[in-house]
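Heads up: the structure comes next, in structure tokens.
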Amino acid sequence: MKTDNIRTRFAPSPTGFMHIGNLRTALYTFIIAKKYGGKFILRIEDTDQERFVEGAAGAVYKTLKDCGLYWDEGPDVGGPYAPYIQSERTGVYREYALKLIESGNAYFCFCTKERMEKVHEQQKADGITPAYDRHCRDLNPEEVKKLLDNNTPYVIRQKVPLEGETIFRDELFGEITVPNKDLDDQILLKQDGMPTYNFANVIDDHLMDITHIVRGREYLSSTPKYNLLYEAFGWESPCYIHVEQIMRDASHKLSKRDGDAYFGDFVEAGYHIPAILNYIALLGWSPKGENEIYSLDELINEFSIDGLSKSPSIFDPVKMKAINAEWLRRMPHDEFKSLVLPYIKKNCKRDDIDFDVLVRTLQPRTELFTDIPEKVDFIDTLPGYNNDLYFNKKMKTSPETAAEALKAVLPVLEGISEEGWNEENIHAALFAEIERLGVKNGWLLWPVRVALSGKALTPGGGVELAAVIGREESLNRIRKGIEKLV
RNA sequence: GGCCCGUUGGUCAAGCGGUUAAGACGCCGCCCUUUCACGGCGGAAUCAUGGGUUCGAUUCCCGUACGGGUCACCA
């Protein structure tokens, strides 16, 4: 594969939010360009006026930017091949379609949609693959001129050779050969003057000097027709890389209708953006080594086309969550803290607590950012709890032993001053008491946890909890615990 | 249905003629531990199928089954 002066493009049609499968294609496209020091171009394919969705292009820009997939050329940033929005390039397509007619590789077709519907119906009834019946393919020039002069509506169709075969090469799938007789005389220019995707994309890719076409696998079977177009123009065809789809299960692709398949949904669900990219990169591509955690830069480094899979992969939310959790655990404390603080604040209005201890205990226990609010809901106010929480088989504790333990703990904690109230001192004091009493750690600490949080599952144990919520609140809660127990 | 493509544990997957068929997630067990989690150790679990080719096939070829894609004036 040639890797000099690579230019790749991501060419979405703006019909809504960015689907995760689309994003993955964009990611691979970006990576391939960057890996070889090439350019990544964004082009908006909005030739279907009926499907136009207001603001959808903006959503594409935002998602790409949020992910760090910055484009070198595109609608908003411009570039030497502007414009990058197809609806602003319509003149170009018409010009090239006409050239094709001149060279005998395309023709005017005056068939109406109604006629085509009938033809297709009949073909289906006859058990034939529906295709254009080439009714207008060999109209004589005078006839064509007459119809044109009368302003008869028309489309322009590709004149596919009746015989022979078309061979093209895909970097992943290898050489693919298709008999020309199986190829339809597809429409290049629609009646409204707009090009079809099939045409516009070939013209633009060539005009914009795109060298590597990375796109979904669904385009694999139309590629021979594109290649025929390149040949008709005498253009060199690009390097094709068709990437397989992401599935919901073995037989359904992950569709937008499944919900939660949009990039934004994952962000909202508490995923860290680099982890999302990391996971989807791994869905359908496998690195050489055994590491699975990659930043975007590392992906660019590690990426190799031969690691791409030729079969569809099933999206696994469990694995995705695990990748996210791993990202969170590996994150430097301060970064984690700044990302997580807004989630803490949702359920915790106090600002006099020890955030460092809290965040540190939270970090290994968090899979998604959205796990956080529920984990810190005991800080502002002690939730009501049942004394049965003091039962812990492994710690050999019960409400009775807890009363004893808390009574022993109270004076010890009272002995720590406001200034000296920190994790280290609390730990030292409590463990000294444990030693003095000759009890197991848990015998003393489990009741502290319960009394301080009212929960069995908390970020950190008794020592950390005390450090987090502070001296006054800790002592209050211990006293309250004792009261509740006697 | 025609054409094109694919098929390794539950999932993601490595493998590219000879391997005890990696690794990860998940699952199970054990250890560590102030619970949970983290961490550590171990375990169960895979080459769709039938023929070839070959001294030898997960790997190469053909068929079958299954799955996907495509067959629009959508992209």
Side-chain angles (χ1 to χ4, degrees), chain A residues 11-13 15 45-48 50-51 109 111-113 116-117 120 124 127-131 153 155 157 170 172-174 176-179 181-184 186-192 194-198 200-201 215-224 242 244-245 247 249-253 279 282-292 306-307 309-323 325-326 329 361-367 389 392 394-395 397 430-431 434 440-450 455-465:
Chain A
S13 66
T15 54
E45 309 221 327
D46 58 346
T47 56
D48 185 359
E50 286 174 24
R51 292 211 308 172
C109 166
C111 295
T112 61
K113 285 185 194 178
M116 288 321 301
E117 269 168 38
H120 288 162
K124 274 183 211 162
I128 305 171
T129 303
V155 300
R157 285 184 185 272
D170 178 274
L172 251 185
F173 292 98
I176 292 172
T177 306
V178 179
K181 67 173 174 52
D182 293 332
L183 268 20
D184 193 15
Q186 64 175 345
I187 291 176
L188 268 19
L189 213 64
K190 300 185 254 187
Q191 207 174 86
D192 64 3
M194 284 293 215
T196 57
Y197 163 86
N198 298 308
N201 119 316
R215 50 152 81 119
R217 164 61 195 286
E218 64 270 27
Y219 297 105
L220 192 65
S221 33
S222 26
T223 302
H242 288 91
E244 263 297 354
Q245 306 201 294
M247 311 291 283
D249 56 48
S251 53
H252 303 272
K253 69 175 176 180
Y279 176 68
L282 252 25
L283 247 197
W285 171 75
S286 79
K288 293 275 187 281
E290 282 181 1
N291 177 37
E292 281 194 319
D306 57 26
S309 174
K310 280 191 273 191
S311 48
S313 359
I314 298 173
F315 183 86
D316 181 3
V318 177
K319 174 84 179 188
M320 187 181 188
K321 203 191 268 191
I323 295 280
E326 188 60 30
R329 276 179 234 128
T361 58
L362 240 23
Q363 193 162 357
R365 275 163 251 258
T366 305
E367 290 189 300
L389 272 185
N392 186 306
K394 207 167 157 194
M395 302 299 128
T397 59
L430 254 23
F431 274 76
I434 285 166
K440 287 190 67 172
N441 298 345
W443 185 89
L444 193 84
L445 293 167
W446 177 255
V448 174
R449 170 207 303 278
V450 173
K455 305 169 86 173
L457 302 184
T458 56
V463 172
E464 290 85 356
L465 294 177

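Below, read A as the first sequence line, B as the second, and so on, with proteins coming before strands; counting in each chain starts at 1. Values reported hereafter were calculated over all heavy atoms of this structure, with side chains retained and with hydrogens, waters and symmetry mates removed.
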Worksheet, complete the sentence: Each nucleotide of nucleotides 63-68 of chain B classed B (base within 4.0 Å of a protein heavy atom), S (only sugar-phosphate) or -, in 5' to 3' order, makes ----SB

Worksheet item: What pair of heavy atoms forms the shortest contact from A:Gly461 to A:Arg449, and how long is it?
Response: CA-NH2, 3.8 Å

Worksheet item: What closest approach, in Å, do A:Trp446 and A:Leu389 show between heavy atoms, and which atom pair accounts for it?
Response: NE1-O, 3.1 Å

Worksheet item: What nucleic acid atoms does A:Asn201 come within less than 4.0 Å of, heavy atoms only: base, sugar-phosphate, or nothing?
Response: nothing

Worksheet entry | P atoms of B:C27 and B:C66, separation to the nearest Å | 34 Å

Item to complete: Pick base, sugar-phosphate or nothing for A:Ile187, based on heavy-atom distances below 4.0 Å to the nucleic acid.
Response: base

Worksheet item: Less than 4.5 Å apart, any side-chain heavy atom of A:His242 and any of A:Thr223?
Response: yes

Fill in: Ion pair check, A:Asp306 and A:Lys288, cut-off under 4.0 Å
yes

Worksheet entry | Sequence-aligned protein contact record of nucleotides 31-36 of chain B, with B where the base is within under 4.0 Å of a protein heavy atom and S where only the sugar-phosphate is | --BBBB

Item to complete: Please measure how far the P atom in B:G18 lies from the corresponding atom in B:A57, and state the result in whole Å.
Response: 12 Å

Discussion item. Students often get this wrong, so: under 4.0 angstrom with heavy atoms, is A:Glu45 touching a base, only sugar-phosphate, or nothing?
Written reply: sugar-phosphate

Worksheet item: Salt bridge check: are A:Asp316 and A:Lys319 linked by an N-O gap of less than 4.0 Å?
Response: no

Practice prompt. Identify which nucleotide among B:A72, B:A13, B:G39 has an atom closest to any side-chain atom of A:Glu326, counting heavy atoms from C-beta outward.
Written response: B:G39

Worksheet entry | salt_bridge(A:Glu367, A:Arg329) N-O dist < 4.0 Å | no

Discussion item. For a quick check of understanding: with a heavy-atom distance under 4.0 Å over all strands, which category does A:Val155 fall into, base, sugar-phosphate or nothing?
Written reply: base

Item to complete: Would you indicate which nucleotide in B:A14, B:C74, B:C38 comes nearest to any side-chain atom of A:Asp48?
Response: B:C74

Fill in: N/O (side chain, A:Lys310) to phosphate O (OP1/OP2, B:C16) under 4.0 Å
no

Item to complete: For A:Tyr279, answer base if it contacts any base atom (sugar-phosphate contacts may also be present), sugar-phosphate if it contacts only those atoms, and nothing otherwise; contact means non-hydrogen atoms under 4.0 Å.
Response: nothing

Worksheet entry | Side-chain N,O (A:Ser286) to OP1/OP2 (B:G23) below 4.0 Å | no

Discussion item. So A:Cys109, base contact, sugar-phosphate only, or nothing? Heavy-atom distance under 4.0 Å.
Written reply: nothing

